[in-house]
Amino acid sequence: MSKIHVTTKVNGDEVEYLCEPRETLLDCLRDHLDLTGAKEGCGTGDCGACSVTMDGRLVCSCLVLGAEAQGKEIATIEGMAEDGALHPLQRKFIEHAALQCGICTPGILVAAKSLLEKNPDPTETEMRYWLAGNLCRCTGYDKIIRAVMDAAAEMREAS
Amino acid sequence: MQYHTPPSFEEASRIAASASGTTRFLAGGTDVLVQLRSDLVTPDDLIDVKHIPGVKEIARQEDGGWRIGVAVAGAEMTEHPDLGRDWPGIVEGMDLIGSTQIQGRATLVGNLCNGSPAADGVPALVAAGASVTVTGPNGARDVAVADIPTGPGKTCLEKGEVISALNIPARGENGGDAYLRFIPRTEMDIAVVGCAVNLRVDGDTITEARVVLGAVAPTIRAVQACADALIGTTLDDAALEALDKAARAACEPIDDKRGTVEFRTDVAGVLARRAAKIAYARAKGEQS
Amino acid sequence: MVQVHLWSGLRPLVDGREVVEVEGETVGQLLDNLVKDYPGLKPAIDKGVSISVDGQIIPKSRGVKVKDSSEVFLLQRLYAG
Amino acid sequence: MALDGPKQDFKYIGTRPERPDGWDKVTGKARFGADFSMPGMLHGAILRSPHAHAKIIKIDATKALALKGVKAVVTRADFPEGLEGEDWNIQENVMAGEKALYDGHAVAAVAATSQLIARDALKLIEVEYEVLPHVTDVDKAMAEDAPVIREGAADYSVPEGMHPNVVRYMESGRGDLEKGFAEADLVIEESFTTEAAHQGYIEPHACVANLGADGKGDLWCCTQGHWFVRQMCTAVLGLEATQLRVTPSEIGGGFGGKTTVFIDPVALALSRKAGRPVKLVMSRSEVLRATGPTASASMDIKMGMTKEGKITAASGTFRMQGGAFPGAPVDVTTMLAFANYDIEHVHHVGYDVMTNRPKQAAYRAPGAPMGAFATESVLDELCRGLGLDPIETRLKNAVKEGTPATFGPKFPPVGLIETLEEARAHPNYSVKLGPNQGRGVASGYWMNWGGETSASVAIGDDGSVQVSIGTVDIGGSRASMALMAAEAFGIPYENVRVSIADTGSLGINEPTHGSRATFASGLAIIEASREATRKLCQRAADKWGIDADAVTWEDGCAKPSGPNAGEFDPLTIAEIAAEMGSTGGPISGHHESTPDGFGGSFGTHVVDVEVDPETGRTTILRYLVVQDAGKAIHPAYVEGQFQGGAVQGIGWTLNEEYIYGEDGRLQNPIFLDYRVPVASDLPMIDTVIVEVPNPGHPYGVRGVGETGITPPLPAIANAVRDAIGVRMKKLPLTPPRVLAAIKARD
């Protein structure tokens with residue numbers, strides 16, 4: 001079984017890896033690039049813990065082949081804080097206690113960021129539906145939704 | 001597993017035709033990768049069609065119809081400024097599949113090729129009278145979407161055949177469509193029942209109608225008796241009652257982990273009524 | 001003597017008694033003396049029981065002090081969740 | 001064990017600072033179970049039985065071992081023989097012996113140079129099975145003709161003549177039921193069932209094992225309790241306890257399900273055989289098929305009430321299956337079923353029954369929600385039948401300090417009445433409802449836990465404080481621990497660091513379970529801090545040349561205790577710490593105990609629902625949790641526990657269930673069909689924290705983690721009853737069931 005050589009951009013850095021055709025983008029991020037921020041909660045696209053963006057589009061990295069990343073731009077949780085400063089969403093998640101165990105947090109942050117880029121002023125309902133593919137078993141979502149709303153408000157004010 | 005990225009459908013078809021083992025086409029991958037991951041299907045050849053020119057395009061045709069590339073993701077359909085104005089039911093059917101993340105990848109054609117009677121994307125396509133272009137070893141042919149699935153997990157596509165485009169007819173005047181499905185949660189489930197309604201009105205009177213049910217039979221089912229219940233009416237209570245009855249009568253569901261025969265039959269009638277009301281309002285321009 | 005209340009499933013093991021009396025100044029001594037004085041209770045106590053002393057549930061601390069006037073119940077062995 | 005009366009005035013306790021691990025958790029840096037790797041590491045995979053019950057005739061791994069990259073295969077033959085009791089149960093569960101006992105039961109495992117090769121190798125292992133008849137339903141498993149899962153598994157308690165699948169029997173109660181029911185104006189008797197629900201943590205079990213042929217090893221894993229892991233793994237593998245060091249990773253949820261082991265001993269066995277580290281990570285379907293969901297239950301409840309609303313008598317029979325092993329939490333179910341109320345005549349009977357399902361594991365308040373569902377549903381029917389308000393009626397019967405509990409002893413101070421009063425006063429309780437809407441109320445209890453606990457504090461040379469605890473942080477507890485240490489030392493929260501020690505660095509600690517971490521580790525930290533401040537005072541006394549008794553510790557400083565002690569400027573913790581080396585050496589404090597003063601926590605929930613009369617789907621409109629926290633150390637995380645518990649309860653009530661086919665196989669082993677609540681299913685979850693101090697904790701803390709999942713099942717069922725006029729007695733309240741009930745009504 002020959003491996004595939006992939007050149008792609010992750011969080012702005014050009015990277016290369018060799019992958020088996022069967023390996024997912026999530027496998028490649030975690031095992032070949034040591035980016036373990038995206039998590040595998042289900043492997044079937046049902047939990048969202050592996051959320052990343054590919055060419056700006058929110059996807060489950062468990063449902064993308066590593067080989068498909070060729071020539072793409074991938075953004076993961078590891079690229080969300082810039083220059084040592086947390087993204088407003090990250091800050092608000094800590095402030096609002098919007099995480100308990102924290103395993104779903106990277107995926108939810110990536111998904112929430114993608115929402116606010118598309119819609120800076122979402123309603124609570126829009127937020128809940130946008131995040132419906134990100135399971136959280138600890139919080140009951142209440143504080144997550146509050147944190148996203150608060151971050152959105154702060155970002156609107158800042159812009 | 002061999003991973004292929006052919007530059008054309010002809011080449012994709014050739015690879016598939018000459019393959020000796022299991023072949024799968026990869027567009028959105030939201031079904032193929034799940035099967036791969038769970039060791040249900042490990043293709044010997046996986047043919048990624050996303051490198052073929054035009055597969056990500058949504059194009060209005062000269063006759064007012066639409067041609068949708070096979071790798072267009074659900075989110076791209078939802079975001080399109082005009083498609084949803086013509087065919088809101090088709091767009092909302094696709095939009096109901098999976099999460100935001102799934103929408104970033106999943107395709108209508110993939111949903112169709114999966115052959116599931118519960119596919120959310122398909123009933124509205126059938127109701128719209130959509131067709132697909134199939135490229136195979138003997139060239140291209142057009143096939144009605146309704147004819148593609150032949151049973152749970154099965155399609156009429158022959159070895160070496162690949163769907164190369166989706167064609168949606170022109171909306172025309174005074175038409176409206178809608179799709180509703182029932183799931184236990186608000187998101188993330190497979191349809192227990194689905195129903196698409198596409199109709200046209202003249203004033204208040206329905207002149208054309210198609211009603212298509214999902215997840216209540218081995219394949220997605222267009223129900224003429226439901227259409228007959230609507231045509232010539234103003235969607236009054238009697239018409240809705242007749243529609244409900246016809247929808248129930250058309251059901252041949254199974255009992256499974258997602259629902260019972262009784263439940264699916266009852267809810268098919270409920271959704272038919274609800275979807276018809278939405279489609280009717282849309283046809284009359286009262287609702288977007 | 002300390003009065004120890006038994007759950008009803010244990011009563012057939014001690015001729016139907018609801019309460020038995022044993023000597024003991026600690027939970028451990030009570031348990032040891034229960035086994036000695038009422039051998040019928042041995043399988044239950046060997047399998048594990050909890051005890052309550054004046055309303056406080058003691059899953060396993062043998063050293064907790066008991067007075068003759070203490071309210072003592074034997075309880076099913078409890079587990080955390 | 002009351003140390004001294006709970007403290008009342010606090011400087012740091014009750015504030016909401018940022019959690020110490022927040023930054024790591026929001027940037028993806030935090031390392032969870034599957035995020036570890038080691039040089040030379042192999043990847044493991046486990047072959048699982050496709051049969052619910054089958055004799056294993058032969059396992060042939062020849063072809064698997066011949067696959068390039070495969071380094072080891074283990075089966076039960078690689079584990080020691082002769083284990084007994086729960087050790088044997090665990091060993092049998094992690095690797096099947098003579099029989100596969102449920103769909104998903106491990107039968108062999110492979111270690112290979114990659115995950116893909118390991119998975120490919122599994123397909124090459126040939127297992128010959130003789131399929132046996134199976135049973136997965138608790139009532140069917142007790143029937144005379146049920147297949148026997150294991151002869152001789154029953155303990156002393158089971159009366160003669162019962163089916164061998166009944167492995168424990170319990171009976172408790174007091175008073176005279178006949179008399180009690182005779183005093184009632186209304187007696188209601190109903191039967192209920194609940195299905196097994198999974199803890200549903202988002203992180204699948206994962207570990208990296210490194211075990212040498214010399215019996216020494218290391219294990220990194222996601223667990224609620226690494227000393228439990230050590231005990232279980234060493235017992236199952238025949239190792240000496242302290243030869244295995246277990247280091248917990250960050251843990252991605254547990255809810256009780258990570259208090260035991262499933263893959264860790266297998267990874268260790270593979271590592272020992274291959275002579276290399278081995279990583280094992282479960283897939284989601286493995287988690288659902290082969291780790292512990294909670295038990296399912298079948299229950300008969302009878303309760304009587306006077307027209308004034310006084311409960312006169314109650315009895316319940318609880319039949320629970322916990323899979324192919326003894327251990328369904330029926331003892332807790334029976335104990336807590338009626339525990340909210342002062343009832344003179346009460347009787348409980350419980351059966352622990354084996355079936356061909358995975359070995360149940362603890363799940364948040366294990367055993368309590370099922371019983372509460374049944375009893376609080378009947379109570380609601382009594383209120384309806386007599387035209388009584390559900391909160392007033394509960395207030396009339398609620399237990400308080402001194403009430404004899406239905407399980408025997410008198411209650412210490414508890415807060416049920418306070419939660420009911422707060423619920424009654426909350427605006428949610430008076431919102432006007434529309435058509436097809438209904439309101440439900442229910443209360444619930446969890447008795448909490450102490451458990452073996454050991455903690456240390458050490459003063460840094462700049463006066464900051466290092467806290468080492470043995471209870472893993474599953475929901476933000478490091479923040480609470482740091483707050484308690486800050487309070488005890490009188491130093492800023494930011495000056496306290498909390499780390500979770502591995503098994504080689506601290507005495508034994510029970511897991512983060514039983515709602516014990518903040519109570520027990522907190523208590524140990526406060527006591528350890530007090531020991532350290534005594535030493536700090538001693539250093540100051542030595543410096544000032546006065547007696548240590550004449551020095552007090554206040555606001556992070558040693559001070560003379562009064563004018564008679566002499567005139568000295570206070571010495572700060574930093575000043576004393578700076579001279580530690582030359583004044584007697586490092587300063588630390590330590591505390592270890594098995595504290596018993598855990599006070600139970602009561603909660604009352606109020607929920608409004610709307611039921612679609614045409615589809616039977618239930619929507620949660622608003623939800624209120626009121627619960628007694630004793631003292632909320634970090635209120636935001638207390639609210640989080642309330643909200644999370646409520647939502648897990650909502651899932652269990654509405655959609656979550658284990659669905660077994662006729663073939664005994666689990667039909668829904670992925671999150672697509674094992675339907676946990678998603679964000680769009682829910683409203684905000686309103687909370688009220690009640691604080692009735694627990695006299696058994698220096699700051700009054702009660703555990704809060706578990707109670708919150710107990711009231712939702714009946715509260716929602718009661719709300720649905722209110723909305724549709726039909727009592728639902730079978731969980732979950734799936735739309736097909738609710739619609740069928742509505743149709744039967746009409």
Side-chain angles (χ1 to χ4, degrees), chain C residues 2-20 25-28 30-31 34-35 38-67 69-81, chain D residues 1-2 155-157 159 168-174 255-256 259 294 327 329-332 334-335 347-350 362-368 401-402 404-405 407-413 446-452 510-511 513-516 593-600 696 705-706:
Chain C
V2 181
Q3 294 200 330
V4 179
H5 298 255
L6 306 177
W7 75 78
S8 56
L10 293 180
R11 294 173 198 162
L13 307 175
V14 287
D15 305 326
R17 268 179 279 202
E18 276 187 58
V19 180
V20 293
E25 292 179 358
T26 64
V27 165
L30 284 188
L31 291 173
L34 279 170
V35 170
Y38 302 94
L41 293 174
K42 186 172 165 30
I45 291 177
D46 284 355
K47 178 100 183 173
V49 293
S50 298
I51 205 159
S52 78
V53 178
D54 294 325
Q56 181 56 56
I57 296 169
I58 317 286
K60 53 183 172 187
S61 302
R62 289 172 56 89
V64 173
K65 294 273 186 264
V66 185
K67 296 191 291 275
S69 61
S70 293
E71 179 209 64
V72 176
F73 281 82
L74 274 193
L75 301 172
Q76 309 279 352
R77 182 180 176 185
L78 297 175
Y79 305 84
Chain D
M1 175 183 55
D155 77 1
Y156 75 94
S157 63
R168 285 189 304 151
Y169 172 81
M170 49 212 55
E171 207 189 314
S172 65
R174 64 160 172 251
F255 314 106
T259 55
T294 186
V330 66
D331 17 34
V332 173
T334 55
M335 233 178 97
H347 190 246
H348 327 76
V349 173
Y363 178 27
R364 205 168 200 152
E401 183 175 6
F407 52 87
K410 292 194 182 76
F411 273 104
W446 178 250
M447 73 262 180
N448 286 332
W449 197 248
E452 288 157 53
E510 274 193 35
H513 68 167
S515 301
R516 69 178 285 275
S593 63
T594 305
D596 293 313
F598 46 90
E706 291 174 285

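Heavy-atom basis, side chains included; hydrogens, waters and symmetry copies ignored. Reminder, nothing fancy here: chain letters follow the sequence lines and each chain counts from 1.
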> In terms of heavy-atom proximity below 4.5 Å to chain C, should Glu510(D) be classed as side chain, backbone, both, or neither?
Replying inline: side chain

> Which atoms form the tightest heavy-atom contact between Pro412(D) and Gly55(C), and what is the distance?
Replying inline: CD-O, 3.7 Å

>> Would you compute the distance between atom OG of Ser52(C) and atom NZ of Lys410(D) and round it to the nearest 0.5 angstrom?
In response: 10.0 Å

> Where is the tightest heavy-atom contact between Thr594(D) and Ser61(C), given as atom of each residue plus distance?
Replying inline: O-OG, 3.4 Å

>> Heavy-atom cut-off 4.5 Å, strictly under: side chain, backbone, both or neither for Leu6(C) against chain D?
In response: neither

>> Between Leu75(C) and chain D, with a heavy-atom cut-off of 4.5 Å, which part of the residue counts as in contact: side chain, backbone, both or neither?
In response: side chain

> Once you round to the nearest 0.5 Å, how far does CG of Asp331(D) lie from CG of Leu78(C)?
Replying inline: 7.0 Å

> Does any N or O in the side chain of Gln76(C) come within less than 3.5 Å of the main-chain N or O of Met170(D), such that one atom is a donor and the other an acceptor?
Replying inline: no

> Nearest heavy-atom pair of Phe407(D) and Phe73(C): which atoms, and what distance?
Replying inline: O-CD2, 4.5 Å

>> Could you report the tightest heavy-atom contact between Trp7(C) and Ser172(D), atom names first, then the distance?
In response: CB-CB, 3.9 Å

> Rounded to the nearest 0.5 Å, how far apart are CG of Leu13(C) and OH of Tyr156(D)?
Replying inline: 7.0 Å

> How long is the span from the CZ atom in Phe598(D) to the CD atom in Gln56(C), to the nearest 0.5 Å?
Replying inline: 5.5 Å

>> Quick check for you: to the nearest 0.5 Å, what is the distance between Arg174(D) atom CZ and Glu18(C) atom CD?
In response: 10.5 Å

> Counting heavy-atom pairs under 4.5 Å to chain C, which of Glu452(D), His348(D), Glu401(D) comes out on top?
Replying inline: Glu452(D)

> Would you call Arg11(C) and Glu171(D) a salt bridge, taking side-chain N to carboxylate O under 4.0 Å as the test?
Replying inline: no

>> So for Val64(C), is it side chain, backbone, both, or neither that comes closer than 4.5 Å to the heavy atoms of chain D?
In response: side chain

>> So, using side-chain contact (heavy atoms from CB on, under 4.5 Å) as the criterion, who are the partners of Asp155(D) when residues are at least two apart?
In response: Lys47(C), Ser157(D), Val158(D), Arg168(D)

> Which one of Ile57(C), Ile58(C), Leu10(C) has the most heavy-atom pairs closer than 4.5 Å to chain D?
Replying inline: Ile57(C)

> Does Arg77(C) have any side-chain contact (heavy atoms from CB on, under 4.5 Å) partners at least two apart in sequence or in another chain, and if so, which?
Replying inline: Tyr79(C)

